[in-house]
Asks: 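Got a structure here, written out as structure tokens. Questions coming.
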2 protein chains.
Amino acid sequence: MGSKDGGGGGGGMAAQAGRLGVVASVAFNLAALAFYLRRRYFGGDDAAAVRKKAEAEVAPSSGKPPVTKDSIINLDHGDPTMYEAFWRGGAGERATIVIPGWQTMSYFSDVGSLCWFLEPGLEREVRRLHRLVGNAVADGYHVLVGTGSTQLFQAALYALSPPGPSAPMNVVSPAPYYSSYPAVTDFLKSGLYRWAGDAKMFDGDTYVELVCSPSNPDGGIREAVLKSGDGVAVHDLAYYWPQYTPITSAAAHDIMLFTVSKCTGHAGTRLGWALVKDRAVAQKMSKFIELNTIGVSKDSQLRAAKILKAITDGYDRAPAAGDDDDDSSRLFHFARRKMVSRWAKLRAAVAASGIFTLPDELPGHCTFANETVSAYPPFAWLRCGKEGVDDLEGYLRERKIISRGGGKFGADGRVVRISMLDTDEAFAIFVDRLAAMN
Amino acid sequence: MGSKDGGGGGGGMAAQAGRLGVVASVAFNLAALAFYLRRRYFGGDDAAAVRKKAEAEVAPSSGKPPVTKDSIINLDHGDPTMYEAFWRGGAGERATIVIPGWQTMSYFSDVGSLCWFLEPGLEREVRRLHRLVGNAVADGYHVLVGTGSTQLFQAALYALSPPGPSAPMNVVSPAPYYSSYPAVTDFLKSGLYRWAGDAKMFDGDTYVELVCSPSNPDGGIREAVLKSGDGVAVHDLAYYWPQYTPITSAAAHDIMLFTVSKCTGHAGTRLGWALVKDRAVAQKMSKFIELNTIGVSKDSQLRAAKILKAITDGYDRAPAAGDDDDDSSRLFHFARRKMVSRWAKLRAAVAASGIFTLPDELPGHCTFANETVSAYPPFAWLRCGKEGVDDLEGYLRERKIISRGGGKFGADGRVVRISMLDTDEAFAIFVDRLAAMN
């Protein structure tokens, strides 16, 4: 697979420079033709996309540097670079976006709308994707956009906290919980809300419960554990997509959060969305985003819309139940195949090592795939039974593997979270190293 | 000018649909050629930009709807749609960006950098633009990127507040101050900082002073009014660009905030940057953005880099002191000409009406234009002397002009802030209506 190693450096740079020369020359000819056609047939900007190749480009970064056999392998964050191979293929071309210099300059997308900074094209593609996958009910819900689901999570806390000078709302989640929840809840020492820890240990009446399902970090299927008092649940469904878990029913909770980062792999686009039932809550969440960042990048919204469209269109071309061998235009099939293969390798490495354990596989009937499948979570929740290893994160770090220790998730130090979504190269080195530990 | 009215609706829609047919047909031929060339010469993604025109597009919004003679004219926000005419011209084509589906998927831009989510290409163009304009010293400063300067403002408050359980830091600014400062400072009831009002009335020792210069709302040149105790200043230089004010020297303050919204007109891109002297402060600001939104849209960063590059390249082609009549590739000259013309029309309307006053013109020697020029602020700070008009915002609203009342800026109700950056059409209707009031 191409992965993200091409732009990195070393020997590849010279080869790439030569290739760019060819590109530039072909592009120049195209540009000349396009320029002629543009002047002849229309006065607009549509040829600019062709012409621009003749201009010097602003080179984008390629993320983390490529790995080698001896590298530090960083699987701390859930950096979803596994998906790059898919988007370099046929479907990826249909996700290419061209934004002319004059486009979407206004703060506003739809000035009369509840979420006035939401691009209508993105809303349309979000609803279309949920209809395709069947993982959430979108009809009758307000769609909100955020700078990643992290911003929408904060918007939900803001919207659900009581106004006026009452005590801060308690924010809880059953351990092990996503390590960012406490940090993001508390970093501004808000008087509106405060982190109150493990939901299973909480016994107050006024709270927001964060329900992440499938769970980050352990992949388990979760329901709200607290049902009493004036509590409200926020459902973080970032991983409720068919490559990670069987889609057993269309979720229909009051507030549901999603993100392209974990659905399509476009983490750098920083684009999340929320489905919100109650109008007043949706309005307050929208207000948070207005105050925090005056809306959300339209460039990201247009790109996300194009990406989601390419996915849904891909299934319109090659239905979910079609030929199982051609996944070049079927994102969820591509990603599931990757996850199946990676989990098999990981379980084999764990068996070879003998000092680790993993959560059991959870099977279920997937309405999207229309068959019974296992869950293949985006994170491995890896536990070590070896005597003396009380700080597994440190133990792995000494072996040049960066993971995130259990303590950050409200769990113990003998367990870590490992991203399963990095490049093929990084993942292969990781499982090799793991298999050799004993 | 083309402005943003094309996509709006009504009679224009059908005409546009017909035009799209032609575009699609031409594009299809281009696509076929490109497809052939791509297969023949290289296996990459470079022809995708051409091909994609043959695919159905995700239509972007066009912001606020177009205005008519009887419309409500909304000049409440500083929506910078005035700039669209420039970007529809020659320079705009050079600012077109093409983002393939596989690009910048990682969370990271430069994993080892202080601001790990900052695209190196954007940093380069930011530094290059400041060198061209001479409005700020960038050498020796850290460059940070934010989701608009609004996010960077909050990042600065977070970074400058003392850690530990002390009382919240006081945040002040001399009245009239930007109306968002109090709201954004206080909306989360942070225990780290709190709004403490007019800097001129403040007499504590521990504070952050926000210095907006040229000032939003009144266009005045400001320096920190508080110089005692442990206070720190944050300089909001969103409007310190040569179209609005003479560039009298290169600013070299500890923390300086900028945004493309008011420099280039791309508000929808939500992209700001900060120049920060102190490494520890820059690190904490970066941490804020990590916690708040896990970085900043790379699509916006790549687009902003391309836009800033087009501006600087434009001056490389046609130097600042060149032919004064050709502004098609010189953004600051284009925008200054607009501002001069609009302020002349506004002052004429105010004179015709007889019930309004405006701040005096402030001249100065501009090192960028290399001549003495007047300031032409992006907002008009309009005062009404008519008896009985104590709520000027309400008075104008009855006349279908939406402005922002003085009370929101810590001033009185007989003054309002009016955006000078809307479309030509909206501005023309506004001055006509104003001239008729008496």
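Naming convention: chains lettered A, B, ... in sequence-line order (proteins, then strands); numbering from 1 in each chain. Excluded from the calculations below are hydrogen atoms, water molecules and symmetry mates; all remaining heavy atoms, backbone and side chain alike, are included.
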Asks: Side chain, backbone, both or neither: which part of A:S149 has a non-hydrogen atom closer than 4.5 Å to chain B?
Replies: neither
Asks: If you tally heavy-atom pairs under 4.5 Å against chain A, which of B:V111, B:T150, B:I99 wins?
Replies: B:I99
Asks: At what distance, to the nearest 0.5 angstrom, does CD1 of B:I289 lie from OG1 of A:T293?
Replies: 11.0 Å
Asks: Who wins among B:Q103, B:Q301, B:K287, B:E290 for the most heavy-atom pairs under 4.5 Å with chain A?
Replies: B:Q103
Asks: Between A:Q151 and chain B, which part of the residue has a heavy atom less than 4.5 Å away: side chain, backbone, both or neither?
Replies: both
Asks: Atom CD1 in B:I97, atom CZ in A:R303: separation rounded to 0.5 Å?
Replies: 9.5 Å
Asks: Would a 4.5 Å heavy-atom cut-off, applied to side chains only, mark B:E119 and A:P60 as touching?
Replies: yes
Asks: Please identify, among B:F86, B:Y158, B:F108, B:W116, the residue contributing the most non-hydrogen atom pairs under 4.5 Å to chain A.
Replies: B:F108
Asks: Which answer fits B:H266, side chain, backbone, both or neither, if we ask what part of it has an atom under 4.5 Å from a heavy atom of chain A?
Replies: both
Asks: So which atom in B:L291 and which in A:A183 form the shortest heavy-atom distance, rounded to 0.1 Å?
Replies: CD2-CB, 3.9 Å
Asks: Kindly compute the distance separating OG1 (A:T81) from CH2 (B:W102), expressed to the nearest 0.5 Å.
Replies: 14.0 Å
Asks: Got a second to check how far A:D110's CG is from B:K64's NZ, nearest 0.5 Å?
Replies: 13.5 Å
Asks: So which part of A:Y193 gets closer than 4.5 Å to some heavy atom of chain B, the side chain, the backbone, both or neither?
Replies: side chain
Asks: Out of B:S180, B:A310, B:P80, B:A267, which one racks up the most heavy-atom pairs below 4.5 Å with chain A?
Replies: B:A267
Asks: So B:V98 and A:V98, side chain to side chain contact (heavy atoms under 4.5 Å, CB included) or not? Walk me through it.
Replies: CA-CA 4 Å; B:V98 179; A:V98 179; 4.2 Å; yes
Asks: Looking at B:L188, B:L157, B:N292, which hits side chain to side chain contact (heavy atoms under 4.5 Å, CB included) with A:L188?
Replies: B:L188
Asks: How about A:L192 and B:F187: do any of their side-chain heavy atoms sit closer than 4.5 Å?
Replies: no
Asks: If you count heavy-atom pairs under 4.5 Å between each of B:I294, B:T147, B:V296 and chain A, which one has the most?
Replies: B:I294
Asks: With chain B as the partner, which of A:L152, A:V260, A:I307, A:V184 has the greatest number of non-hydrogen pairs under 4.5 Å?
Replies: A:V184
Asks: When rounded to the nearest 0.5 angstrom, what distance separates CH2 in A:W87 from CE in B:M105?
Replies: 7.0 Å
Asks: Which atoms of B:F153 come close to chain A, meaning under 4.5 Å heavy atom to heavy atom: side chain ones, backbone ones, both, or neither?
Replies: neither
Asks: Do the non-hydrogen side-chain atoms of A:Y107 and B:R270 ever get within less than 4.5 Å of each other?
Replies: yes
Asks: Kindly indicate, with the supporting measurements, whether the criterion side chain to side chain contact (heavy atoms under 4.5 Å, CB included) is fulfilled by B:S61 and A:K298.
Replies: CA-CA 9 Å; B:S61 71; A:K298 292 194 179 177; 4.0 Å; yes
